[in-house]
Amino acid sequence: MKKIIRLKRPYINPKYKFMFEKGYIPYKYNILYGGTGSSKSFSLIEKLVDMCIRYSTFDILVVRKYATTLKDTVEMPWLDMISKRYINKMSGIGLVEGRDYTYNRTLKHIKFSSGSIVRFKGYDNPEKLKGIDNVNTLWLEEATDFTQSDLEDIQDRLRATPPNNHPWGTELKIFLSFNPIFKTHWIRTYFFKDAIDMSDEIHKDTVNNIVTTFALKTTWRDNHYYNGQYKDENLRKKMQEINPRKYGVQCNGNWGVLGKLIYENWEVINCNKDLSTYDGISYGLDFGFEHSTAFHEIAIKDGDIYVLRELYKPKLTANDIMKEIKRMYPNGYSNLRIYADNARPEVIEEMKRSGFSGIRPCTKGANSVLEGIEWLQDRCIYIDESCVGARNEIESYQWEKDKKTGVRLPKPVKVNDDAMDSIRYGTEGFKNNTNVRIMFC
Ligand SMILES: Nc1ncnc2c1ncn2[C@@H]1O[C@H](COP(=O)(O)OP(=O)(O)O)[C@@H](O)[C@H]1O
Ligand SMILES: [Mg+2]
């Protein structure tokens, strides 16, 4: 490899400087956690690229739980770092693909001309890690997406035998980076002592095992290059008011603590029914029989949510549901953009065939319940006086309690949640609409 130097002396954020000191050797577990935008990912990529360029022995595996997120959140930042922050001393230009490194888009790896390699994998399917065993550096990005057994299984599969001249020794080195979303998360009990020092706004944790584990907590304030929304003090105040848990996690990097109630950011009012005054309208439908079927007309304006009309009744057949909705919309129902529970495709199809052309199944993913709830928690929810089902549910919609400890877990209690589901499904229509102004996203 031709001699490579840095493009310019980069600014290394002070809290990460130790990683760039001569002779730095990571611990077995290296935890980079804290708020959003604190340079966790950037600093680690910079360090690892640096090692790959200078040494021939690095075999790095970067894993995200979901393969679909790899490209934007992992591969692109690595390639960006390689192409923008380094320069080949001989040619005077940045690292060149094909000469200084090769990037295999299909197999998802970057091979450096030094001999070092970094591979990117999704862990949706553990089988994908088969055949990879020479890895000596593992990075779980957004580690809170993984379970404890995911970490243990991945570790078990990797049997690193780096050569003696490998600068980080012969033991597998593991990096975990994440936002500390919930205090009840296994990562906290696994790596940290139970007590948290909360005397400052930024709480302090202590690791369980100081021999194997190193933890660095950072927030956006530690990132010299931070250019995001938390710089705005007014927005910070508003965010703290509307969603204190998320503010604590993303802005201050503290472990998220759940209160009893899922939504506290709501109010019952007499909503304006003139749909033309809103930025967007959408409809949600959750099917029930013993429980209520819940259907809601939802509007968005300036990022706030308005629940305008509802159907909320048990013992409705598909036919009954259609009759009721037709009655609610005597001037036409066929274009209502209804996001319906995808667990009942046959009812959705029946409604479509009967003229509800705008109905579609909602999308559900691994984290969609929590993501949907967080999206709603970030805004004010105004419920019209007439929507009794939604009003009753939202008052008591709560997080499940751990039976032993009494601590609230990030799972909604599945009782009286029909309207809550219907409203959450309905908001899908706003998330895909880029014309809608969304706060805090
Ligand atoms: N040392 C640095 N030099 C230049 N830009 C940086 C540096 N550290 C962080 N940044 C910028 O800050 C942004 C946020 O950092 P990132 O690593 O994505 O935060 P986190 O992973 O903690 O959420 C990056 O996208 C990058 O643009
Ligand atoms: Mg990151």
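Every number for a ligand or one of its atoms is a count from 1 in the order of the listing.
Ring centers of Tyr425 and Phe295: at least 6.0 Å apart, outside the cut-off. Taking the six-membered ring for Trp, Trp168 and Tyr55 have ring centres at least 6.0 Å apart.
Residues passing the side chain to side chain donor-acceptor pair (under 3.5 Å) test with Lys411: none are found, sequence neighbours excluded. For Asn227, there are no side chain to side chain donor-acceptor pair (under 3.5 Å) partners two or more places apart in sequence or in a different chain.
In this model, a donor atom of one side chain and an acceptor atom of the other lie less than 3.5 Å apart for Ser177 and Trp139. Defined by atom type and a distance below 3.5 Å, a donor-acceptor pair is present between the side-chain atoms of Arg408 and Gln398.
Of the N or O atoms in Ser43, none lie within a sub-3.5 Å distance of an N or O in ligand 1. Of the polar atoms of Ile12, none of the N or O atoms is found under 3.5 Å from an N or O of ligand 1, judged by distance alone. Looking at Ser41 next to ligand 1, an N or O pair under 3.5 Å apart turns up. Considering backbone and side-chain N/O atoms, Tyr225 never comes within less than 3.5 Å of an N/O atom of ligand 1. Looking at ligand 1, you'll find an N or O of Lys40 within less than 3.5 Å of one of its N or O atoms.
The pair Asp145-Arg64 counts as a salt bridge, with a side-chain nitrogen and a carboxylate oxygen less than 4.0 angstrom apart. A salt bridge is defined here as a Lys NZ or Arg NE, NH1 or NH2 lying under 4.0 Å from an Asp or Glu carboxylate O, and Lys15 with Asp222 meets this definition.
The contact set between ligand 1 and Asn223, taken as ligand atoms under 4.0 Å from a residue heavy atom, comprises 8 (N), 9 (C), 10 (N), 11 (C), 12 (O), 13 (C), 14 (C), 15 (O). Of all atoms in ligand 1, numbered sequentially from 1 with element shown, those under 4.0 Å from a heavy atom of Asn13 are 1 (N), 7 (C), 8 (N).
The aromatic rings of Phe120 and Trp78 stand perpendicular to each other, their planes meeting at an angle above 60°, with 30° marking the opposite boundary.
Near the Mg ion (ligand 2), less than 2.8 Å away, sit the protein N, O or S atoms Ser41 OG.
Pairs engaging residues 53-63 under the salt bridge (Lys or Arg N to Asp or Glu O under 4.0 Å) rule: Asp50-Arg54, Asp59-Arg119 [sequence neighbours left out].
Not close to ligand 1: Tyr226, with no non-hydrogen atom less than 4.0 angstrom away.
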